[in-house]
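This report refers to the structure that appears directly beneath it.
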Amino acid sequence: MDDPSDGTSTTQHKFMLFVSGMSVKSGHAIENLRKICDKYLTDNYELEIIDISRDTEQAVIHQIVAIPTLIRTDPAPHRIILGDLSDREKVLRILNISE
């Protein structure tokens, strides 16, 4: 049985990363998240990158007020992180992923 409270769960992690164009912060957020996922969630994650400058409807639906914003939709509970995701330890702690 999967335990969603630890980072070793076989439940696939699903993320939505909201960015705006290719700003420096957006680029850093994409790069930082990919590094974290590739290292700690190898082949066990799905990442959807949403550019709100092209898809404003998604920003409204998800009530995005700051960019970049990361939303983890699976496993529950949902988690939201704002910023470029450069503080790896903080990101891992918020997402409940074991090092």
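Separating the CG atom in N96 from the NE2 atom in H13 is a distance of 8.5 Å, to the nearest 0.5 Å. A distance of 7.5 Å separates CD1 in I97 from CD1 in I36, rounded to the nearest 0.5 Å. Taking CZ of R79 as the reference point, atom CD1 of I71 lies at 13.5 Å (rounded to 0.5 Å). Atom CD of residue Q63 and atom OG1 of residue T69 lie 11.5 Å apart, to the nearest 0.5 angstrom. Taken from NZ in K25 to OG in S86, the straight-line distance is 9.0 Å, to the nearest 0.5 Å.
No side-chain heavy atom of R72 sits less than 4.5 Å from a side-chain heavy atom of M16. Looking at L70 and I80, their side chains never come closer than 4.5 Å, going by heavy atoms from C-beta outward. With a 4.5 Å cut-off on side-chain heavy atoms, K35 and D38 do not count as touching. Put simply, the side chain of I50 does not reach to within 4.5 Å of the side chain of V19, judged on heavy atoms. A heavy-atom distance below 4.5 Å is found between the side chains of L33 and L47. With contacts defined as side-chain heavy-atom distances shorter than 4.5 Å, the pair L92/E89 does not qualify. Counting heavy atoms from C-beta on, the side chains of D55 and E57 come closer than 4.5 Å. At least one side-chain heavy atom of T73 sits under 4.5 Å from a side-chain heavy atom of H78.
For H62, the NE2 atom is densely surrounded, since the number of other residues' heavy atoms within 6.0 Å is greater than 12. Dense packing is recorded around CD of E99, with more than 12 heavy atoms of other residues, nucleotides or ligands lying under 6.0 Å away.
Of all non-hydrogen atoms in C37 and F15, the two that sit nearest each other are SG-CE1, 3.7 Å. The heavy-atom pair separating P68 from L17 by the smallest distance is CB-CD1, 4.4 Å. Contact between S26 and G21 at its shortest, heavy atoms only, is CB-O, 4.0 Å. In this structure, A66 and I64 approach most closely via the heavy-atom pair O-CG2, 3.4 Å. Smallest separation of non-hydrogen atoms from I67 and F18: CD1-O, 3.8 Å.
N32 places a side-chain N or O within 3.5 Å of a backbone atom of D84 that can act as its donor or acceptor partner. Checked by atom type and distance alone, the side chain of Q12 pairs as donor or acceptor with a backbone atom of Y45 at under 3.5 Å.
A single hydrophobic cluster is seen to contain both V91 and L41, as judged by linkage of ILVMFWY side chains at heavy-atom distances under 4.5 Å, directly or through other members. At a threshold of 4.5 Å between side-chain heavy atoms, the hydrophobic network of Ile, Leu, Val, Met, Phe, Trp and Tyr places I30 and I52 in two separate groups.
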